[in-house]
Amino acid sequence: MMSRLSRVLMALFLMFSALGVDAASLLKLQLANGSIEVEVAATQAERAQGLMNRKVIPESRGMLFVYPAPAYFCMWMKNTRIPLSVAFI
């Protein structure tokens, strides 16, 4: 049985896939204390590239890594020149 979070993440993945959202697209996520714009990394190539080689990233901007199914994932920061914070949801 899938947890509620797993169902939400799966729904997000299916929605992004159906909409054809790619890393060039920005989505605005509403949070309890404000909002953040995110680029979507939905393919393996987009997730592998991530935020590598970026010299700057605007404040309140990030990247949402979307995976096809719940699992354990490893994140790395190869060639990442900007400070990062990571949140797993």
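Note that the structure is a prediction, hence the values are computed from the model and not measured.
- Among V66, L26, L27, the one residue that satisfies the side chain to side chain contact (heavy atoms under 4.5 Å, CB included) test with V38 is L27.
- Residues satisfying the side-chain contact (heavy atoms from CB on, under 4.5 Å) criterion with T43, sequence neighbours excluded, are A45, E46.
- Partners of S35 under the side-chain contact (heavy atoms from CB on, under 4.5 Å) rule, at least two apart in sequence or in another chain, are K28, Q30.
- M77 and V56 are assigned to two separate hydrophobic clusters, defined by single-linkage of ILVMFWY side chains at heavy-atom distances under 4.5 Å.
- Taking CG of L51 as the start and CD1 of I57 as the end, the distance is 5.0 Å to the nearest 0.5 Å.
- More than 12 heavy atoms of other residues, nucleotides or ligands sit less than 6.0 Å from atom CE of M52.
- The side-chain hydrogen bond (donor to acceptor under 3.5 Å, both in side chains) pairs that include a residue from residues 77-89 are N53-R81, where partners are two or more places apart or lie in different chains.
- At a threshold of 4.5 Å between side-chain heavy atoms, the hydrophobic network of Ile, Leu, Val, Met, Phe, Trp and Tyr places L64 and W76 in two separate groups.
- Residues passing the side-chain contact (heavy atoms from CB on, under 4.5 Å) test with Q44, sequence neighbours excluded: R47, A48.
- Applying the salt bridge (charged side-chain N to carboxylate O under 4.0 Å, His left out) test to R61 and every residue at least two apart in sequence or in another chain returns E37.
- With hydrophobic clusters built from ILVMFWY side chains whose heavy atoms lie under 4.5 angstrom apart, I82 shares a cluster with V86.
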Show the numbers, then the answer: is there a side chain to side chain contact (heavy atoms under 4.5 Å, CB included) between Q49 and M63? CA-CA 11 Å; Q49 177 65 33; M63 181 168 278; over 6 Å; no
